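Heads up, the thing below is written out as structure tokens.
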Amino acid sequence: MAIMNFGGVDENVVTRSEFPLEKAREVLKDETIAVLGYGVQGPGQSLNLKDNGFNVIVGQRKGSATWDKAVEDGWVPGETLFEIEEACEKATIIEYLLSDAGQIAVWPSVKKHLTPGKALYFSHGFGITYNDKTGIVPPADVDVILVAPKGSGTSLRRLFLQGKGINSSYAIYQDATGKAYERVIALGVGVGSGYLFETTFKREVYSDLTGERGTLMGAIQGIFAAQYQVLRENGHTPSEAFNETVEELSQSLMPLIAENGMDWMYANCSTTAQRGALDWWKKFRDATLPVFKDLYESVKSGNEAQISIDSNSRPDYREKLNAELKELHDSEIWRAGETVRSLRPERSR
């Protein structure tokens with residue numbers, strides 16, 4: 001573990017140079033890792049672990065669409081693909097990557113296979129942090145650990161295949177064996193993390209729920225929609241409004257920010273753009289700061305967790321979700337975006 005300075009604050013991080021893949025393989029050489037769930041994180045983490053040389057199996061409900069997806073990805077029923085309980089029985093490390101609602105539903109079946117010395121692994125602190133709502137309370141004689149890649153499972157897999165990695169947080173909630181640290185870092189390296197930074201289950205879920213509802217998804221969609229509406233109301237065409245709202249940001253400016261930071265991106269734009277951005281960014285900060293404070297309090301109080309549990313546990317959840325996603329898809333801004341994406345040069349070659 002190294003101490004690195006982030007904006008004047010020291011934090012504990014683990015890099016792949018100090019904990020290389022070979023060391024991770026040695027730590028987990030006698031372990032069987034069962035990845036439960038094949039939805040968002042399951043495919044990327046399981047395939048990366050397998051390609052990195054770890055002993056991995058997948059646990060999934062037989063007959064489901066995700067079972068079929070696992071078969072398509074090369075997992076073999078009866079050899080590397082099993083029903084959830086059978087996978088739990090075979091595993092020494094259980095990666096609990098079902099949805100939050102799925103974790104609640106399946107927990108009684110998983111808990112009975114958490115025999116002494118096993119490890120229970122999460123990629124989200126939800127189930128443990130809000131255990132008064134989820135009922136997920138692990139036995140005292142198992143390790144409880146977390147590796148949370150800061151990106152989707154699709155991105156984790158895509159970057160892995162490009163020889164890159166997504167940064168991940170890690171946490172230890174319970175160290176029953178004395179091996180929890182080596183186990184969690186080895187798994188973090190194995191799933192393809194760029195580097196690993198220390199957190200807690202509570203901090204992970206608080207920051208994650210805030211980010212998803214904020215700048216990662218909710219806030220950015222809200223800002224897109226507001227700017228697009230103002231441009232359209234003032235006579236700009238859908239193509240122009242979309243390009244100025246989304247396309248230039250995602251295709252041109254975000255890569256510059258990712259490369260060297262916001263100040264560097266500003267320095268590589270026109271002087272007119274620089275002046276306007278510097279004049280207006282604090283106004284947007286001040287306008288949205290109260291919203292983010294309200295959001296964080298809603299996360300901290302458990303209100304957001306309860307809303308998610310209640311919504312995602314309803315029998316018509318999927319139907320209602322699809323209707324909301326369809327509303328987004330059918331909105332003018334994203335119909336315009338579909339046309340813009342089809343006209344990108346790589347699509348027309």
Side-chain angles (χ1 to χ4, degrees), residues 6 9 11-14 35-37 39-42 44-45 93-107 110-111 114 119-139 142-156 166-175 180-181 183-185 187-188 191 193-220 291-313 317 321:
F6 293 85
V9 178
E11 294 187 38
N12 293 327
V13 301
V14 181
V35 175
L36 305 190
V40 178
Q41 282 288 334
Q45 292 202 31
I93 297 173
I94 296 172
E95 288 205 8
Y96 208 23
L97 302 185
L98 295 163
S99 69
D100 294 323
Q103 288 184 14
I104 295 169
V106 176
W107 176 243
V110 172
K111 185 177 181 179
L114 286 171
L120 179 63
Y121 165 113
F122 294 84
S123 282
H124 191 23
F126 190 100
I128 293 292
T129 300
Y130 301 114
N131 59 19
D132 59 326
K133 304 176 187 298
T134 66
I136 297 176
V137 180
V142 301
D143 293 341
V144 183
I145 54 181
L146 173 146
V147 172
K150 298 297 106 181
S152 71
T154 300
S155 299
L156 181 72
I166 283 181
N167 301 330
S168 301
S169 58
Y170 76 92
I172 299 170
Y173 180 77
Q174 191 166 277
D175 183 5
Y181 175 78
R183 274 173 149 176
V184 73
I185 300 302
L187 287 161
V191 301
S193 303
Y195 75 87
L196 293 140
F197 60 94
E198 189 176 28
T199 189
T200 65
F201 274 64
K202 183 178 288 187
R203 292 205 328 254
E204 191 284 329
V205 74
Y206 285 7
S207 61
D208 192 64
L209 293 185
T210 300
E212 290 167 349
R213 286 149 181 75
T215 59
L216 301 179
M217 296 173 69
I220 198 70
V291 180
F292 277 98
K293 287 184 176 181
D294 287 347
L295 167 57
Y296 193 85
E297 285 306 311
S298 187
V299 169
K300 188 175 178 181
S301 70
N303 183 54
E304 292 300 310
Q306 192 63 58
I307 290 170
S308 294
I309 291 169
D310 292 345
S311 172
N312 299 346
S313 300
Y317 160 70
L321 172 65

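Here the structure is a predicted model, which is why all the values come from computation and not from measurement.
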* Set of side-chain hydrogen bond (donor to acceptor under 3.5 Å, both in side chains) partners for S313, sequence neighbours left out ->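 So S313 forms no side-chain hydrogen bond (donor to acceptor under 3.5 Å, both in side chains) with any residue.
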About how many Å separate [atom2] of [Y] and [atom1] of [X], when rounded to the nearest 0.5 Å?
X: Q306; Y: S298; atom1: CD; atom2: OG; result: 11.0 Å
X: S193; Y: N167; atom1: OG; atom2: CG; result: 8.0 Å
X: L216; Y: S152; atom1: CG; atom2: OG; result: 11.0 Å

Contact summary for [X] and [Y], nearest pair of heavy atoms:
X: K133; Y: A305; result: CD-CB, 4.3 Å
X: G125; Y: V205; result: C-CB, 3.8 Å
X: I93; Y: L187; result: CG2-CD1, 4.0 Å
X: A119; Y: R183; result: CB-NH1, 3.4 Å
X: M217; Y: E212; result: CB-O, 3.1 Å
X: G127; Y: I136; result: O-CB, 3.7 Å

Between side-chain atoms of residues 195-202 and protein atoms elsewhere (two or more places apart, or another chain), which donor-acceptor pairs fall under 3.5 Å?
| from | atom 1 | to | atom 2 | distance (Å) |
| --- | --- | --- | --- | --- |
| E198 | OE1 | N12 | ND2 | 2.6 |
| T200 | OG1 | R203 | N | 3.0 |

Check: [Y] main-chain N/O paired with [X] side-chain donor or acceptor under 3.5 Å:
X: T129; Y: F126; value: no
X: N312; Y: S308; value: yes
X: S168; Y: V147; value: no
X: Q103; Y: L98; value: yes
X: Y96; Y: W107; value: yes
X: Q41; Y: L97; value: no
X: T210; Y: Y206; value: yes

* Structure fact -> In D143, V142, I128, the residue satisfying side-chain contact (heavy atoms from CB on, under 4.5 Å) with Q174 is V142
Considering only heavy atoms from C-beta outward, does the side chain of [X] approach that of [Y] to under 4.5 Å?
X: D175; Y: Y181; result: no
X: Y130; Y: I309; result: no
X: K300; Y: L209; result: no
X: L36; Y: I94; result: yes
X: V291; Y: L295; result: no

* Taking the six-membered ring for Trp, are F292 and Y296 ring centroids under 6.0 Å apart? ->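 Distance test on ring centres: not under 6.0 Å, no.
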* Could you walk me through whether Y173 and L146 pass the side-chain contact (heavy atoms from CB on, under 4.5 Å) test, one step at a time? => CA-CA 8 Å; Y173 180 77; L146 173 146; over 6 Å; no
* To do: Report the C-alpha distance between T215 and I220 in whole Å, list the side-chain angles of each, state the deciding distance to 0.1 Å, and finish with yes or no for side-chain contact (heavy atoms from CB on, under 4.5 Å).
  => CA-CA 5 Å; T215 59; I220 198 70; 5.9 Å; no
